[in-house]
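Nothing here was measured: the structure is a model prediction, and the numbers come from that model.
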Amino acid sequence: MGMLRMKSVRDMLIVLIIVLLVSKISSAERSISIKKESADTQKGIEVVSNPKRIALVIGNASYKDSPLKNPVNDARKMTETLLKLGFDVITKENANQEEMERAVNDFALKLANGDIGLFFYAGHGAEVGGRNYLIPIGAEILGHEIDIKYKTVDVQMVLEKMESAKNKVNIMILDACRNNPLARGFRSLSRGLAAMAAGQGIASGGTIIAYATAAGSVADDGKGNNGVFTEEFSKNITIPGLTIDDVFKRTAKGVREKTSGAQVPFLSTSVVDDIYLASNAQTESTGVSQKQYKSKDNELSKEAPQLEENRKRSEAEREQLDLKKKKADLDEHNQNMADERKKVEKEQLAILDREDDAKLSQEQRKLQEEKNKLESERIRLEKVIKRKEIEAQTQAIEQEKNRIKAARAKVEAERLAMVNNPLKIERATTDNAPYTDTITGMEFVFVRGGCYKMGDTFGDGESYEKPVHEVCVDSFYLGRNEVTQLQWTKIMGNNPSFFKNGDNYPVENVSWNDAKAFINKLNVKTGMKYSLPTEAEWEYACRSEGMSEKYSGGSDADNYAWYDKNSGNKTHPTLQKQSNGLGLSDMSGNVWEWVEDAFAMDAYSKHSRNNPIHIGRSGGNRVIRGGSWSNYMQDIRCSFRDDNAPDYRFKDIGLRLKLER
């Protein structure tokens, strides 16, 4: 009986050791799987190794301007997911520039000669000059756009750090296309990230760059606890047997469905092999033979008694440590309670001592505070009234000067026209009447020629709105409103607009080249001479023939313009807001308007006095004017200038036509 009992115990130990060994080997399944095609058999062979997986996860949400809800939740979600997949994870939440750069350096050092490097970022990002930048917490960018690269983290720098580690595969995930808090005052800064190609040679196995949305678009911060992209990606990456390509395909499909097609993730990859992060490879894929299992079993069975003794000793020591820790925690808790009790008693005595004094002076303080408020309000109102009186007088004087100048210029222009071409005498007496195009129904308002001070006359604009200089323009006709979707469709046979809400809404999502094609077709059909206004003509008409107007019509933007404060993030039908002094509508706000000029920062210093226009180089950026439904009040001023490439289209850019006399 003794021999049988010993044999039974020995058999049980052997079974236990085999179970432990198999469990240990099975744990190797949480590793990278690279599936390659054999040249002989053309069958997929799944090779499972025990890789070094390193990840850097950053989530920034607590921005001073335009804070976000979910990036920190996204970072925590990704950290939890990657830990389950066997990654060594560095996590940073609400990090400033120094903390982000230090984390990138630590990440690169740990990544050296590893297998997989994964970088995940959620938060605000920006694109300037074709390069992408991640915006840290606390970034204050108040100057020129060039300052951005010194106050943010360059995505290309992160990618180069990962490249220098010489690991096998790099994965970069950028959920960084949410609305940009630094867009105010900077041109072309709120239109999403630029696409980067996954370069060859960055890692021996290649590089994958994933964006939460397509280039130039804005990602959804999500209505739940996570952004739409992160929620879908973290769910799919843990599914066994999916390649990383399959994971991104499922993620893209889920994001499109949840956002009704408004958000489409984008992927750039140079990886040619199949990469598995959650592998379902079988145990034999590790290359360990059954013979090796048995050999290992024999070795472990000899060590079983000593292992059991060590286990019991470790459990006993752990119990002792647990008891000591519990006692220390209890002692600390009791001491904290005693300290807190003394603190409360002391505070209660102090409160009682202060209450009597506070009751005596409370009413006096209230009376003095109210008196101070009334005095401050009286002084403020006096200043406001005086400033408005001065502004009104100044504006009246300036308007009268402009009226006299315009009248003189008109008389001189008409006199010269009659002298040089007697056939135009009859037309000169009727040009003041509005003109309506018979094919499209577009209505045009007569703008008398004259001279005015062009540029930032109020002194609160950008450097490229200066110097203020006098220019003179000839008389012309200008569209009463922006070209509508119905008018565009009559000529072009299509409607490219993003907001297709009605015929009278302005057409948008058109490039400068599209506008020129529209004008060419319109001129052929009508026999008229339509064109885009020059920048000088546009500003002259916006300011009601050169008057001192900050916005087109006056100083109250809400009366004359649709912009970010009142637009509801969309376009509106034309002619709804109050017109300016010439009867022109929506010259401030609703949609940007292309003009004829090429853009240059120093264009004003090169202007001629009469009918100036800056030609620029072929294919160079073109000027847009007037601001749009998505812009701040600063950007819808009559003197504000912006630009885009001639083939650029966006849902806030349209056009207004000029008709030459």
W562 six-ring centre to K577 NZ/CZ under 6.0 Å and within 45° of normal: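 The answer is yes; both the distance and angle limits are met.
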Aromatic ring proximity [X]/[Y], centre distance under 6.0 Å:
X    : Y    : result
H572 : Y505 : no
W488 : F518 : yes
F248 : F233 : yes
W512 : Y648 : no

S497 side chain vs K500 backbone, donor-acceptor pair below 3.5 Å: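 Flag not set: sc S497 to bb K500 has no pair under 3.5 Å.
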Just checking, is any N or O donor in the side chain of [X] or [Y] under 3.5 Å from an acceptor N or O on the other one?
X    : Y    : value
S270 : T207 : no
D74  : N226 : yes
N504 : T574 : no
Q485 : N495 : yes

[X] with [Y]: basic N within carboxylate O range, under 4.0 Å:
X    : Y    : answer
R131 : D154 : yes
R76  : E80  : no
D115 : R53  : no
E508 : K651 : no
E232 : K258 : yes

Criterion side-chain contact (heavy atoms from CB on, under 4.5 Å) against F107, the qualifying member of M162, K161, K92: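 Of M162, K161, K92, side-chain contact (heavy atoms from CB on, under 4.5 Å) with F107 is met by M162 alone.
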side-chain contact (heavy atoms from CB on, under 4.5 Å), paired with L111, selected from L118, L56, N170: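 Answer to the side-chain contact (heavy atoms from CB on, under 4.5 Å) test with L111 among L118, L56, N170: N170.
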Residue K516 excluded, over 12 heavy atoms near NZ under 6.0 Å: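 Count over threshold, so yes.
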Non-hydrogen side-chain atoms of E99 and N94 separated by less than 4.5 Å: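 Result no, sub-4.5 Å side-chain heavy-atom pair not found.
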F640 vs Q634 side-chain heavy atoms within contact, under 4.5 Å: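 No; the side chains remain at least 4.5 Å from each other.
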